[in-house]
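Beneath this line is the structure, given in structure tokens, with notes to follow.
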Amino acid sequence: MVESSSDVMAPPVETHTVSIDLSQANRTPPYDIVIGDNLFANAGELIGQRLSARRCLIVTDTNIAPLYLKRLEAVLDASGHTLLPSVTLPAGESSKDYVNLHVLLNRILAAGIDRSSLIIALGGGVVGDLAGLAASLAMRGIDIVQMPTTLLAQVDSSVGGKTGINTDAGKNTVGTFYQPRLVIIDVSALDSLPLREMRAGYAEIVKYGLIKDAAFFNWCRAHAGKLLNGDRAAQIHAIAASCNYKAQVVMADEREAGERALLNLGHTFGHAMESATGFSNALMHGEAVAIGMVMAFRLSAQLGLCSHTESYDVRDHIASVGLPVKPPALACGVDQLMALMAQDKKAVAGKLTLVLARGIGKAFVAKDVRETEVRAVWAEFL
Ligand code: GLY
């Protein structure tokens, strides 16, 4: 699936392309995820070659706008696209709410957008999820290109078409499945990312090894240091591999009726912790997932599904890159955390459904997990 894309275009940089084709499943056009160094400089061409010249509206946030907005506007303009007034949202997970969705939709509609226009999401997961949701709603659907700038968005949230906002009922509880028309991953954007965010994104990379591929987990153990320290080859390899795993899963099960649920490894524990910390900076999504994966492997070992050695290997690797392996101080106890887990949208008919593992690379969806066993793991970790 990962291949050189020289036959599609001739950019001056080496690129990898992963393709997602859901045309059989839902008639959405196939799309490419193009990965490379300094790719934002080619964004106008990459879009033009696949989608023709468009009226483009960029959605970004207050962290990213000063770094890339003017440059992106210049390359789009130089490639013959027409720019509509861009929208800059406040940075941070707390922006993923009804208020900002409302603001964004109003700005999109006021900009004079039409069905042939293009929304460009330039930023991390918050921008991608909000812009994706707005794109799916405005005029019953405007095309969107994702240009993720964080490692987490590059390896997970920009790919596969999930959009959403957080509500009182939990994380991503209002959203749509709406596939982008193109994903442009410029690895050089990672240079401006704080180490904490790099680590949080790394949790989603290692997740693919834990779910599907023990050999990739071993690659992660050998290369995590280089990747986090800016080694381009390691970054590109890990991002291309992650997008490839994700593409396979999304093509097999776009709407999360089965296999896609595996991508939620660590997420049900993680979402409860994120909710308990008010989706605040106290715990980033990737950090919550990292802790959640350690807990899922601990629970798997306690249930005799995998060895304790494997669960310690997972914990030790995650700790070795500087990610947390225990929850931060939480204002609530086990009862409330259990309630938050049950509230998670992955809970079916009140029963706890969790992604557990029969070993590293052997994740599966476990239904009817006994509450007492889950409580015991929380009690151990708090
Ligand atoms: N982040 C999980 C998914 O896209 O399904």
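Whatever order the structure lists ligands and atoms in, that order sets their numbers, starting from 1.
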Between R232 and D191 (salt bridge meaning N to carboxylate O under 4.0 Å), is one present in this structure? yes
In this structure, atom 5 (O) of ligand 1 is nearest to the protein heavy atom R260 NE, 2.7 Å
With a cut-off of 4.0 Å, which atoms of ligand 1 are near a heavy atom of D156? 1 (N), 2 (C), 4 (O)
Once you measure the plane-to-plane angle for H317 and F217, does it fall in the parallel (<30°), tilted (30-60°) or perpendicular (>60°) bin? perpendicular
Sequence neighbours left out, cut at 3.5 Å: what donor-acceptor pairs do the side chains of residues 137-144 make with other protein atoms?
residue	atom	partner	partner atom	Å
D143	OD2	R54	NH1	3.1
D143	OD2	R54	NH2	3.2
D143	OD2	R181	NH1	2.9

Heavy-atom contacts with L263 under 4.0 Å: which atoms of ligand 1 show up? List them by number with element. 2 (C), 3 (C), 5 (O)
Checking D129 now: which residues fulfil salt bridge (Lys or Arg N to Asp or Glu O under 4.0 Å) with it, not counting sequence neighbours? K96
N-O pairing of E204 and K207 below 4.0 Å: yes
Of all the non-hydrogen atoms in the protein, which one sits nearest to atom 4 (O) of ligand 1, and at what distance? K246 NZ, 2.5 Å
Any N/O pair K162/ligand 1 closer than 3.5 Å: yes
